[in-house]
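The structure displayed is predicted, hence computed values, not measured ones. Numbering of residues begins at 1 and proceeds along the displayed sequence.
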Amino acid sequence: MWQAGCLATLILLTGAVGLIVLLWHLATAIGFSAEGAGGLAVLGVLALAVLVGVAVGGRAVRRMAMPFGDLIDAAGRIEGGDYTARVPERPAGPPPVRALVRSFNGMTSRLEANERQRRTLLADIGHELRTPLAVLQGELEAMLDGVHPPDAEHLEAALDETHVLARLVDDLRTLALADAGALALHREPTDLDILIQEVARSMRPAGDTAAPTIVTAVADDMPLADVDPVRIREVLTNLVSNALRYAPPGSAVTIAARRDDGRPTVVLSVADTGPGVPADLLPHVFDRFARGADSRGSGLGLAIARQLVEAHGGHLGVESSPAGTRFWFDLPLSPTT
């Protein structure tokens, strides 16, 4: 950029000299004479004006060249793996250049955040895999060493840990497919009323009178939705499971559905009357491996639910207070509706 600035300055000086020569020839052609004090004064003023123009132009070129030099330096640092590189925004710079600097800094901020999330994700995956593997290894070693017999009780404990590992691997695969845009959806016109009733029946606690109950509130005029019923069942199951985990005994978890009159969508929600999501966790509730202090899950359920809803073209949101939590998401209507 320094070389470019010097070249621009040289071009300006050359242009200024050429302009002076041109004006001199024009003045001579119309009979102007530089003899005498008046002629010299006019030429001096003309030369001074041209030099001032060159100085102003050189300053403008310098103001534009400096941010580009900063951009080149920052890009080199990012190429070397330093995602903390930022370009200082110069208030006196041209608006387009300042906009370019802001866009560059926004890009590097996202790169830094993605790198931080990648490292955190790898650490969290290692932590989640370590626990079931350690339990499984301990059970198998105990049976081989004769500490306890390889009976059905201890084999079932080992088998349970393999289920935990398989579920975690399936969750990670679903997230990877969603990130790559390769998550296959088998859409079909779906009666959400039937789907919700099936989810409610399958998840109602059996024989526990103190457990939270599941109630449904589906509008009478619910149209068919253009969704993958298996994936939406997975979303609802995850949300209801979380609600049952935190709802107080004897309370109710409500699965509701209604048509959005303003848009060609339907809105589903799952609400409970539990203690609510902690304020520090609420902004990150859909992040991978985000969990509360008393959470027993892997921290992937809500992240997967969000990916599945967004794959349908919808949005998953949450509203929470000490009086309860409500998760909601919208889905497109069937084209035939």
Side-chain angles (χ1 to χ4, degrees), residues 174 178 185 187-205 211-279 281-287 290-292 295 297 299-334 337:
T174 300
L185 295 179
R187 295 176 180 265
E188 59 184 66
T190 303
D191 190 329
L192 293 178
D193 189 2
I194 296 177
L195 182 63
I196 290 172
Q197 300 300 336
E198 291 177 351
V199 171
R201 280 196 300 271
S202 66
M203 301 198 68
R204 282 194 178 100
T213 59
I214 299 177
V215 298
T216 61
V218 181
D220 295 333
D221 60 343
M222 280 293 294
L224 298 179
D226 184 32
V227 299
D228 182 336
V230 175
R231 294 299 190 180
I232 297 305
R233 181 193 297 271
E234 185 177 349
V235 174
L236 284 173
T237 299
N238 181 278
L239 297 179
V240 173
S241 177
N242 282 344
L244 290 173
R245 187 177 299 121
Y246 294 103
S251 65
V253 171
T254 303
I255 310 175
R258 62 176 177 82
R259 182 169 186 165
D260 189 344
D261 295 331
R263 298 181 300 159
T265 59
V266 291
V267 180
L268 285 72
S269 64
V270 176
D272 64 65
T273 56
V277 181
L281 179 62
L282 187 59
H284 310 286
V285 71
F286 297 116
D287 293 348
R291 292 175 295 182
S295 175
L300 291 175
L302 290 177
I304 292 175
R306 182 180 63 175
Q307 293 277 22
L308 293 178
V309 171
E310 291 180 350
H312 282 82
H315 176 72
L316 176 61
V318 59
E319 303 164 355
S320 186
S321 70
T325 301
R326 175 178 175 269
F327 286 91
W328 60 269
F329 60 97
D330 51 11
L331 296 171
L333 295 178
S334 171
T337 301

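- Remark: Thr265 OG1 to Arg258 CZ distance equals 8.0 Å, nearest 0.5 Å.
- For the pair Val235 and Phe329, the minimum side-chain heavy-atom distance is below 4.5 Å.
- Contact of the Asp191 side chain with the Leu224 side chain is registered, since non-hydrogen atoms from C-beta on lie closer than 4.5 Å.
- Under the salt bridge (Lys or Arg N to Asp or Glu O under 4.0 Å) criterion, the residue pairs touching residues 301-320 are Glu319-Arg326, with sequence neighbours excluded.
- With contacts defined as side-chain heavy-atom distances shorter than 4.5 Å, the pair Val318/Phe286 qualifies.
- Put simply, the side chain of His312 never gets that close to the backbone of Pro332: no donor and acceptor are under 3.5 Å apart.
- In this structure, Thr190 and Ile232 have side chains that are not in contact, with every pair of non-hydrogen atoms separated by 4.5 Å or more.
- Contact record, Ser320 with Thr325: OG-OG1, 3.0 Å, taken as the closest heavy-atom pair.
- When atom types are taken as modelled, the side chain of Ser251 and the backbone of Thr273 share no donor-acceptor pair closer than 3.5 angstrom.
- Between atom CG of residue Leu236 and atom CD of residue Glu198 there is a gap of 11.0 Å, rounded to the nearest 0.5 Å.
- Ile255 places none of its side-chain heavy atoms less than 4.5 Å from the side chain of Leu268.
- Checking Thr216 against Gln197 by side-chain atom types alone, a donor-acceptor pair falls below 3.5 Å.
- Taking CD1 of Ile196 as the start and CE of Met222 as the end, the distance is 6.0 Å to the nearest 0.5 Å.
- The nearest pair of heavy atoms linking Asp272 to Gly274 is OD1-N, 2.8 Å.
- The CD atom of Gln307 sits 11.0 Å away from atom CG of Leu300, with the distance rounded to the nearest 0.5 Å.
- Atom CG of residue Leu239 and atom CD of residue Glu234 lie 10.5 Å apart, to the nearest 0.5 angstrom.
- Contact annotation: the side chain of Arg259 approaches that of Leu333 to within less than 4.5 Å [non-hydrogen atoms, C-beta and beyond].
- Across every non-hydrogen atom of Leu185 and Ala311, the tightest pair is CD1-O, 3.3 Å.
- In this structure, Asp260 and Asp330 have side chains that are not in contact, with every pair of non-hydrogen atoms separated by 4.5 Å or more.
- Considering all non-hydrogen atoms of both residues, Leu302 and Leu316 come closest at O-CD2, 4.3 Å.
- Side-chain atoms of Arg204 come within 3.5 Å of backbone N or O of Ile214 as a donor-acceptor pair.
- For the pair Leu308/Asp228, no side-chain contact is recorded, criterion being any heavy-atom separation below 4.5 Å from C-beta on.
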